[in-house]
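Chain letters run A, B, ... following the sequence lines, proteins first and then strands; every chain starts at 1. No experiment lies behind these values; they were computed from the predicted model shown.
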Number of protein chains: 2
Amino acid sequence: MHEIIKKTVTKNESIRRKLTDIRQDNLQQILDAAENIFADRGFRGTTVAAIADNVGLPKANVLYYFKTKEGLYKGVINRLLTIWMDNMNEMSADIHPRESLRNYIVNKIHQSREYPNASRIFADDILHGVNYLRGPLEGELKDQFDRTCDVFRCWIDKQWIDDVNPEHLIFMLWSTTQAYADHSLQMSILMNKPQLDDSDFEQGVKVATQVILKGCGLSD
Amino acid sequence: MHEIIKKTVTKNESIRRKLTDIRQDNLQQILDAAENIFADRGFRGTTVAAIADNVGLPKANVLYYFKTKEGLYKGVINRLLTIWMDNMNEMSADIHPRESLRNYIVNKIHQSREYPNASRIFADDILHGVNYLRGPLEGELKDQFDRTCDVFRCWIDKQWIDDVNPEHLIFMLWSTTQAYADHSLQMSILMNKPQLDDSDFEQGVKVATQVILKGCGLSD
DNA sequence: GTCTATAAGCTGATAGAC
DNA sequence: GTCTATCAGCTTATAGAC
């Protein structure tokens, strides 16, 4: 009898485990497809049907998992924010900006190349009325922003860099580096290329570090 | 008899003139409304009905003037491109970059403030699949881009500025200055303000000129 | 959990009276 | 030239059989 009970329990758990796996797998696949399509066509330009087709699932199934299109969009944004924050190598007041600032730029442009969806979806959210980023921007992103400003002020106090307004220096760093995701199409057209390649990203890193480091008073 | 004929002609012309005025006036109003709404919600997020409501005209009337939503969008883009190109103070190889480059930055940020719609609609067009800018980008905009690159190369040859890759320097100038239109919402949220004010645009100009001029090897 | 069928509403565009 | 009425198609979302 013990055996039977045990077996039954094991079997039930095994089934539950399997269903959980399917669920996790579907959630993952839906989020992946949604991320790509939202990045490509924006929130309003994306249809649930397009996402479902991309995963190979019926539309109703997608809506079973996420209930609404907005919910799915929020799911995508939240997942991207996690990666975004985790990958973010924050700058430190103790490490000299010559390395710290250079590292930050290299990292941000690398991120624009490897995860362009994040930058593009965020850009679309800010550009238009959707604005689901308002919450995070007022919370965790603002905290990070404030901390980075403090680091810059520290560097200025120590006279490691020139007296440059920290807030606007960050805006400059962000727009310059994120352009390699958001404006990559424009760049490639103007440079007569089908798309940006290794050398373009290299040049981008080179110009951004060269100009911003020297512009902040850091000699080569 | 001469008098009668003359009078009739005059009256017809007067009527035609008046109708032409109404036509021009309506076209203008529709384009104005469309520009604002396209800038706010993107191409796909904009409805013809919203534009018509904004002008106070029936939807069918708007479509009488522009036939299709795409046509209206193209009309808006073309009008913005004209302003964009006209307002563009191109840089000159003869004028020293200390003035020329500073002027360019001041002008671009001013434009981001005064005509944010242009920057936002262009950003949306590049960010998503719409891409009606591809034509101009391959034509007149590319010509201007190439000319500016040549000016930079000239400055480098004369050793007026450091050896900075001209293409990517322009990308940096554009993204930094246009951020004051495209990312103004993000900026204001992070700085705890309802919207950007005079001092923010001043600081933006200051930081951009300070960092980019010095970063290109131009001493204060 | 999955999927077909369908509701309910909106969108671009047109026909046709004035 | 203007506007009402309306169409055909698509969109989000749900009901209900399996």
(message) Please tell me if B:Tyr65 has a side-chain N or O lying less than 4.0 Å from either OP1 or OP2 of D:dT2.
(response) yes
(request) Could you please name the option among D:dT11, C:dA15, C:dA5 that lies closest to any side-chain atom of B:Ala60? (result) C:dA15
(request) Select base, sugar-phosphate, or nothing to describe what B:Phe66 touches, counting heavy atoms under 4.0 Å on all strands. (result) nothing
(message) Measure NZ/B:Lys69 against P/D:dC10 and give the value in whole Å, please.
(response) 15 Å
(request) Kindly indicate whether a cation-pi arrangement holds for A:Lys69 with A:Phe43, taking the cut-offs as under 6.0 Å to the six-membered ring centre and within 45° of the axis. (result) yes
(message) Measure CG/B:Leu57 against P/D:dT4 and give the value in whole Å, please.
(response) 10 Å
(message) Rounded to whole Å, how long is the line connecting atom OH of B:Tyr73 with atom P of C:dA13?
(response) 15 Å
(message) In whole Å, I'd like the distance from the CD atom of B:Gln24 to the C1' atom of D:dG1.
(response) 15 Å
(request) Looking only at side-chain atoms of A:Leu63, point me to the closest of D:dA13, D:dT11, D:dA5. (result) D:dA13
(message) Quick check on the 6.0 Å ring-centre criterion: do A:Tyr115 and A:Trp84 meet it?
(response) no
(request) Using whole Å, report how far CG of A:Asn61 lies from P of C:dG1. (result) 10 Å
(request) Choose from C:dA13, D:dT12, D:dC3 the nucleotide whose nearest atom is closest to any side-chain atom of B:Lys59. (result) C:dA13
(message) Just checking A:Tyr132 against A:Phe122, ring centres under 6.0 Å apart?
(response) no
(message) Using whole Å, what does the distance between atom P of nucleotide D:dT2 and atom CG of B:Asp25 come to?
(response) 11 Å
(message) On a heavy-atom basis, which atom in A:Asp182 and which in A:Arg120 lie closest, and how many Å separate them?
(response) OD1-N, 3.6 Å
(request) Verify the contact: side-chain N or O of A:Tyr64 to OP1 or OP2 of C:dG1, cut-off strictly under 4.0 Å; return yes or no. (result) yes
(request) State whether A:Asp198 and A:Arg113 are salt-bridged, where the test is any N-O pair (Lys NZ or Arg NE/NH1/NH2 against Asp/Glu carboxylate O) under 4.0 Å. (result) yes
(request) To the nearest Å, give me how far apart CZ (B:Arg41) and C1' (C:dC10) are. (result) 12 Å
(message) Taking only side-chain N and O atoms of A:Asn26, does any of them lie within less than 4.0 angstrom of OP1 or OP2 on C:dT2?
(response) yes
(request) Write down the distance between CD (A:Glu70) and P (D:dT11), rounded to a whole number of angstrom. (result) 17 Å
(message) So if I take every side-chain heavy atom of A:Pro58 and compare against C:dC3, D:dT12, C:dA13, which nucleotide ends up nearest?
(response) C:dC3
(request) Identify which nucleotide among D:dT4, D:dT12, C:dA13 has an atom closest to any side-chain atom of B:Thr68, counting heavy atoms from C-beta outward. (result) C:dA13
